[in-house]
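Shown next, in structure tokens, is the structure this report addresses.
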Amino acid sequence: MAKNTFKLKSGLAQMLKGGVIMDVVTPEQAIIAEQAGACAVMALERVPADIRATGGVARMSDPKMIKGIMKAVTIPVMAKVRIGHFVEAQIIEALGVDYIDESEVLTPADPFYHVDKSNFKVPFVCGARDLGEALRRIHEGAAMVRTKGEAGTGNIVEAVRHIRTIAEDIGSLRTLNKDGVRRKAKEYRVPVELVEQVKKLGRLPVVNFAAGGIATPADAALCMQLGVDGVFVGSGIYKSKNPAKRAKAIVEATTHYNDPEWLARVSEDLGEAMPGLEINDSLTKLASRGH
Amino acid sequence: MATKPTIGVLALQGDFAEHITALRKLKLPCLEVRTIADIKKTTGLIMPGGESTTIGKLLVSTGLDAWLKTHVKKGYTIYGTCAGAILLSQLGLINITVKRNAYGRQLDSFDEPIQSKAFPKLRGVFIRAPLFTTIGKGVTVLATHDGDPVLVQQGKILAGSFHPELTDNLAVHRYFATLAK
């Protein structure tokens, strides 16, 4: 019986498309997320806004908390591990989690390498700012990609930057001849075949979500109209005044992203959004972690 | 209802784009369905894989659940895959009971040949798949895996627990198109 193949790993990501994956730190939050219509939840120790506020090293969640979340909901459960921390990944896999996010939101554990994801049975999602970074992660075995954005800021600008950069990088492959593709592969430090494949498909060969800074239904719809397959939302929900209502509105907006009247309706009367942060020099850039 | 055969793919959440690609490969007219205005242009609907809790809530907020219940009685055709099959059962549109995530979590997802006289050489991609636990009156089993039913039909309703849209064998889609005429 074929199990844990790349087809099955990327296949689960295909089932998540058009959906919203919500950060949760407790089983109670997971239930709120499921009831709001999340297609999966992401277990982590603290939402990014709290990681920024309290500082210190951010690590994977307590396995007991993850097990509690897995028990509380029927939708897929993802969990974050630190960049390069393959033992955290082994532990999460042992818990039977459905997807691992090797995430820059946690404090990196390895200054040289990301996790060799092809060694694992459980599928991985990873963040990327540009095509080279996305392809390096896919080459390491990631079965799903997301933008890094700038988590915990409630500011969508970096996610938009990463979506547009990846799209433009893919677009610029179109005019390249064989030598040009080979040069790009060398620049990106990935096999030529992978670059060829992206050139042929005109998109990433795996599902690509937006993440980092989504705080409103309009933010989610913006990312969808820019061509991503779905969205991750974290601090944007739990740092707002009415998390359950906002979560549901973001789910609706991700489905009806092309329908302004629908978006207007679900954006109404949601209470205050998370305060948000300006992206400036004094801000710690989580997106610059990893390579 | 539409007069020209057009297959809608429920595009609330899930792998609807893969179903659209499959239908286009077969050169069948198709469109994404998110509203009642969309579904009125169709003669049949594919409910894709995805998360049944998510799609179920969006069916209610769009009013499509009520539309489907009314129109299936009048002979509207639906094919539900995975989450879509769960929803068919939950909406009472097919006489089967379904157990969600019956094979386990993602680590238990699998890809194996399935047994079918109607559709030879079919592979079953099962992702956190449901199991059809009871097959009621009027329901025919079209394919099995390990003795369990994985593709069933009741009148013009088809339900499958696997994902042919993730493979090159589109025989089930082709068959569904003949029902949706």
Residue part contacting chain B, namely of A/Val20, when any heavy atom lies under 4.5 Å: neither
Side chains of B/Cys82 and A/Met15 in contact at under 4.5 Å (non-hydrogen atoms): no
Any idea which of B/Ala11, B/Ala83, B/Gly56, B/Gly50 has the most non-hydrogen atom pairs under 4.5 angstrom with chain A? B/Gly50
Find the distance between OG1 (A/Thr255) and CD1 (B/Ile55) and round it off to the nearest 0.5 Å. 9.0 Å
Does A/Arg203, at its CZ atom, have more than 12 non-hydrogen atoms belonging to other residues, nucleotides or ligands within less than 6.0 Å? yes
What are the two closest heavy atoms between A/Trp262 and B/Thr35, and how far apart are they? CZ3-CG2, 3.8 Å
Looking at A/Asn4, A/Leu12, A/Asn258, which has the largest count of heavy-atom pairs under 4.5 Å with chain B? A/Leu12
Tell me if the CD atom of A/Glu261 is crowded by more than 12 foreign heavy atoms within 6.0 Å. no
Quick one: which of A/Cys39, A/Ala13, A/Gly11 has the most heavy-atom pairs under 4.5 Å with chain B, could you say? A/Cys39
Can you tell me how far NZ of A/Lys3 sits from CG of B/Asp111, rounded to the nearest 0.5 angstrom? 12.5 Å
Donor-acceptor under 3.5 Å (A/Gln14 side chain, B/Phe16 main chain): no
Can you tell me which portion of B/Ile127 sits under 4.5 Å from chain A's heavy atoms? Options are side chain, backbone, both or neither. side chain
In terms of heavy-atom proximity below 4.5 Å to chain B, should A/Phe120 be classed as side chain, backbone, both, or neither? neither
Report yes or no: does B/Ser109 contribute a side-chain atom to a donor-acceptor pair with the main-chain N or O of A/Leu8 at less than 3.5 Å? no
Cut-off 4.5 Å, heavy atoms of chain A, and the answer for B/Ala17 is side chain
Could you please state which residues from residues 23-32 of chain A sit under 4.5 angstrom from chain B, measuring non-hydrogen atom to non-hydrogen atom, sorted by number, or 'none'? none
Under a 4.5 Å heavy-atom cut-off, does chain B meet the side chain of A/Ala36, its backbone, both or neither? backbone
For chain B, find which of A/Val122, A/Val97, A/Thr74 contributes the most heavy-atom pairs closer than 4.5 angstrom. A/Thr74
Full working for side chain to side chain contact (heavy atoms under 4.5 Å, CB included) between A/Lys17 and B/Gln13: CA-CA 6 Å; A/Lys17 285 164 75 171; B/Gln13 190 273 323; 5.6 Å; no
Is A/Tyr238 atom OH crowded by more than 12 heavy atoms from other residues, nucleotides or ligands, each under 6.0 Å away? yes
Which atom names give the shortest non-hydrogen contact between A/Glu252 and B/Ser61, and what distance separates them? OE2-OG, 2.6 Å
Side chain, backbone, both or neither: which part of A/Ala38 has a non-hydrogen atom closer than 4.5 Å to chain B? backbone
Heaviest contributor of heavy-atom pairs below 4.5 Å to chain A, chosen from B/His163, B/Glu18, B/Gln106, B/Glu112, is B/Gln106
Check whether more than 12 heavy atoms from other residues, nucleotides or ligands sit under 6.0 Å from atom NZ of A/Lys117, and answer yes or no. yes
Are there more than 12 heavy atoms of other residues, nucleotides or ligands under 6.0 Å from atom NZ of A/Lys245? yes
A/Arg265 atom CZ: more than 12 heavy-atom contacts under 6.0 Å: yes
Please determine whether a side-chain nitrogen of the Lys or Arg among B/Arg128 and A/Asp98 lies less than 4.0 Å from a carboxylate oxygen of the Asp or Glu. yes
Just how far is it from atom OG1 of B/Thr53 to atom CD of A/Gln35, taken to the nearest 0.5 Å? 10.0 Å
Residue-level interface, residues 91-105 of chain B with chain A, non-hydrogen cut-off under 4.5 Å: B/Arg100, B/Asn101, B/Arg105
